[in-house]
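Letters A, B, ... mirror the listed sequences (proteins, then strands); counts begin at 1. All values reported here derive from a predicted model rather than from experimental measurement.
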There are 2 protein chains.
Amino acid sequence: MPRSSVVPLRETLPADGASAVACPRPAEVARGPCGHCDLGALAFCDGFAARIVSRLSRVQCTQRFEPHDTLFREGDPGAAVYSVVSGALKVYKLMPDGRRQITGFFFRGDMFGFCLDGTYAYSAEAITPVGVCRLPMRRLNELAETAPEVQHRIMGRMTAKLAYFHDHVLLLGRKTARERVATFLLGLAERARRRGDPWSPLALPMGRTDIADHIGLTVETVSRAMTWFKRQGLIDLPNPSSVSIRQPDALRAIADGSAEV
Amino acid sequence: MPRSSVVPLRETLPADGASAVACPRPAEVARGPCGHCDLGALAFCDGFAARIVSRLSRVQCTQRFEPHDTLFREGDPGAAVYSVVSGALKVYKLMPDGRRQITGFFFRGDMFGFCLDGTYAYSAEAITPVGVCRLPMRRLNELAETAPEVQHRIMGRMTAKLAYFHDHVLLLGRKTARERVATFLLGLAERARRRGDPWSPLALPMGRTDIADHIGLTVETVSRAMTWFKRQGLIDLPNPSSVSIRQPDALRAIADGSAEV
DNA sequence: CGGCCATCTTGATGCAGATCAACGTATATC
DNA sequence: GATATACGTTGATCTGCATCAAGATGGCCG
């Protein structure tokens with residue numbers, strides 16, 4: 001049995017922890033399509049007709065969470081989807097003995113929280129301070145009935161997530177440790193680039209343990225792979241939470257499994 | 001590097017192989033919501049208004065494939081989604097060196113073929129003789145604009161697939177060989193039960209190599225796990241392509257990682 | 001400044017599952 | 001019925017990564 005991080009199954013923060021500000025209506029954050037966030041083109045509601053934006057704006061609710069806060073837990077009734085406004089968070093499943101699998105990291109512009117049978121199949125926890133835009137699924141469905149573009153956008157986000165899972169399943173099922181780490185780093189860099197964040201040096205807000213629990217390895221193996229890349233001159237590690245990608249092509253070759261090494 | 005089945009990267013059948021009958025319009029199969037299949041409540045169009053069913057019926061196209069036929073290949077322009085009418089098929093991704101990851105098996109009532117940027121991110125191949133109902137994505141989107149129930153159903157299928165991936169990623173990232181095989185067998189049985197097929201003895205239309213390439217193991221390890229379950233009296237293997245689940249609870253305990261062994 | 005704690009890295013060792021190698025078993029072909 | 005071919009099972013050995021163990025590094029707080 002692989003070790004994973006073996007979460008002690010202790011109680012984490014209640015989902016409605018004190019640090020979660022409940023739905024402040026005033027537009028306190030900044031400019032954006034609906035006035036509630038500063039995501040611009042990354043916002044879920046970007047490009048929608050004014051009528052739709054205004055209705056979304058009325059049903060949405062902005063929340064903030066601190067590191068280690070739990071947004072919701074596996075098994076909770078799943079009433080809403082979330083759009084990340086700022087910060088980073090992770091979504092994971094636990095096994096009865098504490099083995100953990102992180103099924104996704106989410107950043108500015110990402111959406112998560114889709115669920116089947118009205119129950120979340122996984123838990124969500126903030127990594128850094130996080131701002132989210134919470135959209136009740138019921139309201140979203142109502143709105144979507146008369147606004148095909150809403151449905152279309154939701155489906156687009158879900159399709160992207162499905163594509164990501166196909167890749168990740170290939171990674172977990174068939175790639176070696178170094179291939180996994182290389183793939184992970186390049187994937188993070190690509191996502192940073194797409195949302196307009198610096199991708200080299202690339203920020204690694206999550207710890208080594210989280211990385212390990214995402215790509216099916218142990219902390220030690222992740223660390224060794226990183227050190228090896230560094231010694232090969234493929235990356236630089238100015239500090240544990242950022243990476244400079246020095247030779248993207250070489251890293252890409254490793255990630256694809258086409259490297260000669 | 002795990003061995004996987006190392007597909008020789010040879011050319012398989014062209015996607016429009018001779019055996020694929022192109023869109024016979026007459027309702028040749030049997031009774032069903034739209035008259036083109038006999039899926040009943042499993043059909044994509046089940047329960048839709050007559051107007052919708054009739055429009056779906058006009059844009060759909062029934063195809064048949066023989067074992068080893070390729071429906072589409074990774075990188076092909078992705079113009080349609082498929083609903084399985086009969087038979088079994090698999091969807092997979094390849095690495096440049098031939099390592100293969102099967103990302104899903106599909107049976108009667110299942111849908112697949114959702115794709116991002118109009119390009120399939122994976123290949124699809126028939127395992128047994130297969131009948132599918134092909135729905136052009138463009139037409140489906142048009143229809144969905146005025147029929148929220150269509151959008152809603154598509155989203156439901158996608159959400160189910162996302163939930164499956166969360167579970168499968170946990171399996172691949174954190175479960176042992178026996179846990180994986182137990183989980184796989186129970187998952188197949190559950191799906192068979194839901195679609196009204198016999199679940200014990202359970203049919204295994206796919207070979208051991210396919211199973212291995214789905215759950216991230218080698219054929220030998222899959223075989224050994226099965227033999228072990230058999231010796232423990234948890235299952236019976238009347239022949240390689242069917243399993244009788246003798247002790248579902250014990251198997252479930254292993255699958256969950258809560259077994260004492 | 002110094003001690004503490006969490007996190008990351010590095011080294012030594014062990015083992016689950018991959019690999020290599022036969023050997024059954026079943027279906028197809030002539 | 002003999003032969004061939006694909007697939008599944010079983011055994012022996014090897015190895016990549018997990019595990020165990022111990023430093024290094026750095027932020028935080030008294």
Side-chain angles (χ1 to χ4, degrees), chain A residues 1-8 67-68 97-101 127-128 171-182 204-213 215-231 235-243 254 257 261, chain B residues 1-8 10 66-68 97-101 127-128 171-182 184-185 204-213 215-231 235-243 254 257 261:
Chain A
M1 179 196 303
R3 190 185 60 180
S4 140
S5 64
V6 186
V7 175
H68 305 296
D97 63 2
R99 276 176 279 173
R100 185 179 66 157
Q101 177 67 37
I127 293 175
T128 64
L171 176 149
L172 291 171
R174 290 302 176 217
K175 291 192 181 183
T176 66
R178 279 175 196 166
E179 287 166 0
R180 292 179 197 210
V181 175
L204 297 179
M206 71 292 289
R208 297 287 187 270
T209 307
D210 283 351
I211 298 177
D213 280 349
I215 62 180
L217 299 172
T218 57
V219 205
E220 294 93 328
T221 304
V222 170
S223 181
R224 277 186 249 271
M226 299 268 240
T227 308
W228 189 85
F229 291 151
K230 186 175 161 185
R231 269 203 298 267
I235 63 171
D236 245 5
L237 289 167
N239 61 70
S241 62
S242 62
V243 204
I254 292 172
V261 190
Chain B
M1 183 196 302
R3 190 183 60 180
S4 141
S5 63
V6 186
V7 175
R10 54 151 163 64
E66 292 305 313
H68 304 296
D97 61 3
R99 275 176 281 172
R100 186 179 65 157
Q101 176 66 39
I127 293 174
T128 65
L171 177 149
L172 291 171
R174 291 300 176 217
K175 290 192 180 182
T176 66
R178 280 176 195 163
E179 287 167 0
R180 293 179 197 209
V181 175
F184 174 74
L185 292 177
L204 298 179
M206 71 293 291
R208 298 287 188 270
T209 306
D210 283 351
I211 297 177
D213 281 349
I215 60 179
L217 300 171
T218 58
V219 206
E220 294 94 328
T221 303
V222 171
S223 182
R224 276 186 249 270
M226 300 266 238
T227 307
W228 189 84
F229 291 151
K230 186 176 161 184
R231 270 203 298 266
I235 64 170
D236 245 5
L237 289 167
N239 62 69
S241 62
S242 62
V243 206
I254 292 172
V261 189

Only counting residues at least two apart or in another chain, list the ones meeting side-chain contact (heavy atoms from CB on, under 4.5 Å) with S241(B). N239(B)
Looking at L172(A), is its backbone amide N or carbonyl O close enough to the side chain of R180(A) to form a donor-acceptor pair, meaning the two atoms are under 3.5 Å apart? yes
Got a second to check how far I215(B)'s CD1 is from T221(B)'s OG1, nearest 0.5 Å? 9.0 Å
How long is the span from the CZ atom in R224(B) to the CZ atom in R178(B), to the nearest 0.5 Å? 11.0 Å
Nearest-neighbour nucleotide for the T221(B) side chain, dA18(C), dC17(D), dC8(C) considered: dA18(C)
Residues which pass side-chain contact (heavy atoms from CB on, under 4.5 Å) with A182(A), listed by chain and number, not counting sequence neighbours: F229(A), L251(A), I254(A), A255(A)
Atom pairs under 3.5 Å: protein N/O with N/O of nucleotides 22-26 of chain D:
none

Counting just side-chain N and O atoms, does T227(B) come under 4.0 Å of either OP1 or OP2 of dT9(D)? no
Under 3.5 Å, which N/O atoms of the protein pair with N/O atoms of nucleotides 21-24 of chain C?
none

Whole angstrom value for the distance that separates C1' of dG17(C) from CD1 of I211(B): 17 Å
Could you state the CG-C1' distance from L237(B) to dT25(C), rounded to the nearest angstrom? 14 Å
Has S223(B) got a side-chain N or O lying under 4.0 Å from the OP1 or OP2 atom of dG8(D)? no
Which whole-number value in Å describes the distance from I215(B) CD1 to dG17(C) P? 11 Å
Output for pair (L217(B) CG, I211(B) CD1), nearest 0.5 Å, gives 10.5 Å
Value in whole Å for how far the C1' atom of dG8(D) lies from CG of D213(B): 15 Å
Locate the shortest heavy-atom distance separating V181(A) from A225(A); write the atom from each residue and the value. CG2-CB, 3.7 Å
W228(B) CH2 to dT9(D) P, in whole Å, measures 16 Å
Return the value, rounded to whole Å, for the distance between atom CZ of R208(A) and atom C1' of dA18(D). 18 Å
Tell me the interatomic distance from K175(A), atom NZ, to dG16(D), atom C1', rounded to whole angstroms. 18 Å
Those residues that, when tested against T209(B), pass side-chain contact (heavy atoms from CB on, under 4.5 Å) (two or more places apart): S5(B), R100(B), D213(B), V219(B)
Quick one: is T218(A) getting a side-chain N or O under 4.0 Å of the dA18(D) phosphate, OP1 or OP2? yes
Would you kindly give the CD-to-C1' distance between E179(A) and dG16(D), to the nearest whole Å? 12 Å
Earlier contact from the 5' end, DNA chain D, for L217(A) and R224(B): R224(B)
What verdict does the side-chain contact (heavy atoms from CB on, under 4.5 Å) test give for T176(A) and R99(B), after you've listed the backbone C-alpha separation in whole Å, the side-chain angles of each residue and the deciding distance to 0.1 Å? CA-CA 11 Å; T176(A) 66; R99(B) 275 176 281 172; 4.3 Å; yes
